[in-house]
2 protein chains.
Amino acid sequence: MSPALPSPESDGGPSAAAPSFSPLYRQIKALITRSLQGGEWKPGEPIPSETELAARYKVSQGTVRKAIDELATENLVVRRQGKGTFVSTHAEEKVQFRFLRLMPDEGEAGGMPRRFLDCRRLRAPADVARALDIRGGEPVVQVRRLLYFRERPIVLDDIWLVGAQFKGLTAERLSESRAPLYRLFESEFGVRMIRAEEKIRAVVANEQSAELLELPLGAPLLSVERLSFTYGDRPVEWRRGLYNTTTHFYRNDLS
Amino acid sequence: MSPALPSPESDGGPSAAAPSFSPLYRQIKALITRSLQGGEWKPGEPIPSETELAARYKVSQGTVRKAIDELATENLVVRRQGKGTFVSTHAEEKVQFRFLRLMPDEGEAGGMPRRFLDCRRLRAPADVARALDIRGGEPVVQVRRLLYFRERPIVLDDIWLVGAQFKGLTAERLSESRAPLYRLFESEFGVRMIRAEEKIRAVVANEQSAELLELPLGAPLLSVERLSFTYGDRPVEWRRGLYNTTTHFYRNDLS
DNA sequence: AAGTGGTCTAGACCACGAT
DNA sequence: TCGTGGTCTAGACCACTTG
């Protein structure tokens with residue numbers, strides 16, 4: 001049985017260093033990824049069963065299985081025994097904690113209330129453009145917000161979004177929604193965050209951040225710079241968060 | 001073919017919540033893990049081939065394969081096509097970066113020269129004992145050291161080790177060795193670090209840390225508290241690092 | 001050439017969830 | 001009861017490393 005497939009192609013993954021050999025299941029994986037990226041199956045929806053996909057691609061179920069295994073490992077899909085395999089979505093509670101690493105010293109993690117301070121469209125400054133891999137001067141959306149814990153401001157986020165992907169994002173749109181940002185991005189703009197890279201530093205509060213976070217000038221803050229990627233490893237968001245870590249900490253697992 | 005195996009048992013993993021059903025490959029995985037833990041195969045050495053293990057446990061090669069797959073995912077073993085499967089070791093360059101997340105803004109990561117300030121045995125203070133899950137007053141080893149980058153001190157580490165596991169650890173032993181700490185622990189004391197949990201905060205330099213890190217009083221520092229675990233999820237090390245992040249950052253990948 | 005891990009297949013059966 | 005993903009097997013062949 002000779003599977004009808006395009007010629008072997010690269011995985012597209014971050015560390016794909018021109019593999020000399022592309023096994024069948026990776027080609028299947030690439031095909032499924034393309035369908036995810038193209039929106040054939042939407043976040044939260046089930047993808048076809050392994051049997052169906054095996055028939056579609058003319059390979060054995062085991063090969064489809066191995067392809068889906070990798071997609072599940074990369075959190076692009078979620079398997080549910082007895083029910084099917086579903087496209088991952090930021091609508092799931094569990095997924096939130098992958099990107100929200102700030103935990104209170106005491107009490108439960110829970111979602112933090114927020115307040116948007118600003119939302120404007122502008123031309124990308126040089127440093128932001130470089131991070132987002134777009135040309136300087138291209139349109140971007142800048143969002144500034146505060147996150148609260150027990151009525152006190154804990155996080156100050158400055159967010160830059162690639163303008164082309166977020167047409168129609170306004171302060172009203174943000175304020176109306178009660179969903180987490182990444183959930184909103186996914187449902188309203190079709191932009192799903194897959195992974196992110198962070199650079200963490202200790203800094204001190206300047207005049208502005210001190211006032212907004214209700215801290216004395218010079219108070220220590222955790223600076224978290226994050227570059228987020230969507231399908232195809234395309235950067236679409238760059239943000240810098242300033243965290244007050246007197247009652248919270250940034251949790252990380254090394255394994 | 002009826003495999004000769006002990007009755008189904010728990011995985012022992014961190015999130016094993018009394019599974020009602022333990023598949024064969026997990027039982028095999030547990031058996032292999034036990035051999036790793038017991039030192040039947042030492043770090044850096046090859047474990048028996050999949051065929052051999054299949055014969056030993058009286059299961060198919062595919063089942064052994066799946067067990068080893070999980071061990072490889074958890075970084076307990078490393079597969080090398082054409083050569084065999086090897087017990088992971090901190091002697092590999094690549095592994096270092098799993099636990100050393102501090103990167104210079106400019107230049108390569110590379111190993112940082114170090115200086116040991118202190119190494120003494122004492123009875124565990126209450127907070128350290130709690131973190132290490134031992135009784136207060138049990139013997140621990142405290143190590144204090146500095147890490148340098150371009151002749152300047154960047155990291156101040158305070159390390160506590162469970163005394164029972166590190167008999168014979170002295171300042172001389174530390175100074176004589178040029179190997180990374182985890183490599184030394186593994187080769188000299190048979191204690192291999194598997195995973196760790198970190199809590200990260202921004203703090204300010206006090207008198208002591210300011211002097212040691214050659215910084216002004218009140219300079220912002222990254223505080224990284226780490227609890228490290230060995231086989232069987234037993235905590236064996238607790239450390240608090242203070243990082244000067246003016247020329248470095250803590251790198252993290254969310255996925 | 002021999003031995004290792006890696007891929008692919010086909011089929012049987014199990015556990016789980018919905019009906 | 002049915003369809004889903006999950007497990008287990010047995011065998012064939014491929015890719016890589018070493019002798």
Side-chain angles (χ1 to χ4, degrees), chain A residues 1-5 8-9 11 16-32 41 44-73 75-88, chain B residues 1-5 8-9 11 16-32 41 44-73 75-88:
Chain A
M1 191 185 295
S2 149
L5 284 171
E9 59 189 277
D11 172 31
S20 57
F21 167 70
S22 182
L24 190 46
Y25 76 87
R26 275 202 194 280
Q27 302 174 40
I28 303 300
K29 179 186 170 190
L31 290 176
I32 298 175
W41 314 302
E45 291 178 2
I47 70 174
S49 74
E50 297 180 352
T51 317
E52 275 180 83
L53 289 173
R56 179 202 287 206
Y57 299 128
K58 303 255 183 40
V59 298
S60 80
Q61 195 218 10
T63 300
V64 169
R65 185 164 186 74
K66 188 142 194 197
I68 295 181
D69 274 346
E70 291 205 350
L71 293 173
T73 301
N75 293 305
L76 292 185
V77 298
V78 174
R79 319 185 84 131
R80 274 182 260 228
Q81 182 174 123
K83 298 175 73 173
T85 302
F86 299 77
V87 183
S88 296
Chain B
M1 190 184 298
S2 150
L5 284 172
E9 58 189 278
D11 172 34
S20 57
F21 167 72
S22 183
L24 190 48
Y25 75 87
R26 274 200 196 282
Q27 302 175 39
I28 303 300
K29 179 187 170 191
L31 291 176
I32 298 176
W41 315 302
E45 291 177 4
I47 70 174
S49 74
E50 297 181 353
T51 317
E52 274 180 84
L53 289 173
R56 177 201 290 206
Y57 299 128
K58 303 252 182 42
V59 298
S60 80
Q61 195 217 10
T63 301
V64 169
R65 187 164 185 74
K66 188 142 191 196
I68 295 181
D69 275 346
E70 290 204 352
L71 293 172
T73 301
N75 293 304
L76 292 186
V77 298
V78 174
R79 319 185 86 130
R80 274 185 261 243
Q81 182 173 121
K83 298 175 76 174
T85 301
F86 299 78
V87 183
S88 295

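Numbered from 1 within each chain, the chains take letters A, B, ... in sequence-line order.
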- [ ] Taking only heavy atoms on the protein side, list every residue of residues 47-54 of chain A lying under 4.0 Å from any atom of DNA chain C, sorted numerically.
- [x] none
- [ ] Could you state the atom-to-atom distance from NZ of A:Lys58 to P of C:dC8 in whole Å?
- [x] 17 Å
- [ ] Only counting residues at least two apart or in another chain, list the ones meeting side-chain contact (heavy atoms from CB on, under 4.5 Å) with A:Ala72.
- [x] A:Val77, A:Arg79
TODO: Measure from CG on B:Leu71 to P on C:dG5 and round the result to the nearest Å.
DONE: 13 Å
Task: Residue list, side-chain hydrogen bond (donor to acceptor under 3.5 Å, both in side chains) with B:Gln61, at least two apart or on another chain - done: B:Glu50
Task: Sequence-distant partners of A:Thr73, side-chain contact (heavy atoms from CB on, under 4.5 Å), two or more places apart - done: none
Return the polar atom pairs (N/O with N/O) between nucleotides 12-14 of chain D and the protein under 3.5 Å, or none.
none

TODO: Starting from the C-alpha separation in whole Å, work towards a yes-or-no answer on side chain to side chain contact (heavy atoms under 4.5 Å, CB included) for A:Leu71 and A:Thr85.
DONE: CA-CA 10 Å; A:Leu71 293 173; A:Thr85 302; over 6 Å; no
TODO: Rounded to the nearest angstrom, tell me the gap between atom CG in A:Leu24 and atom C1' in C:dT9.
DONE: 11 Å
Task: For atom CG of B:Asp69 and atom C1' of D:dC8, their distance in whole Å - done: 14 Å
Task: Stepwise side chain to side chain contact (heavy atoms under 4.5 Å, CB included) check, B:Leu76 with B:Ile32 - done: CA-CA 10 Å; B:Leu76 292 186; B:Ile32 298 176; over 6 Å; no
Open item on the list: B:Arg56: which residues meet the side-chain hydrogen bond (donor to acceptor under 3.5 Å, both in side chains) condition with it, sequence neighbours left out?
Closed with: B:Glu40
Open item on the list: Between C1' on C:dG17 and CZ on A:Arg79, what's the gap in Å once rounded to a whole number?
Closed with: 16 Å
TODO: With sequence neighbours left out, write down each residue that passes side-chain contact (heavy atoms from CB on, under 4.5 Å) with A:Tyr25, or none if nothing qualifies.
DONE: A:Pro23, A:Thr63, A:Lys66, A:Glu70
Open item on the list: Going by side-chain contact (heavy atoms from CB on, under 4.5 Å), name the residues that satisfy it together with B:Glu52, two or more places apart in sequence or in a different chain.
Closed with: B:Pro48, B:Ser49
TODO: May I ask you to say what A:Arg65 touches in the nucleic acid, namely base, sugar-phosphate or nothing, with a heavy-atom cut-off under 4.0 Å?
DONE: base
Open item on the list: So, OP1 or OP2 of C:dA18: does either fall under 4.0 Å of a side-chain N or O from A:Lys83?
Closed with: yes
Open item on the list: Below the 4.0 Å mark, does C:dG5 have OP1 or OP2 next to a side-chain nitrogen or oxygen of B:Thr85?
Closed with: yes
Task: Interatomic distance where NZ belongs to B:Lys66 and C1' belongs to C:dG6 [whole Å] - done: 16 Å
Open item on the list: If you apply the rule side chain to side chain contact (heavy atoms under 4.5 Å, CB included), what do you find for B:Tyr57 with B:Leu24, and how did you get there?
Closed with: CA-CA 10 Å; B:Tyr57 299 128; B:Leu24 190 48; over 6 Å; no
Task: Separation of D:dT9 C1' from B:Tyr57 OH (nearest whole Å) - done: 19 Å
- [ ] Rounded to the nearest angstrom, tell me the gap between atom NZ in B:Lys29 and atom P in D:dT7.
- [x] 12 Å
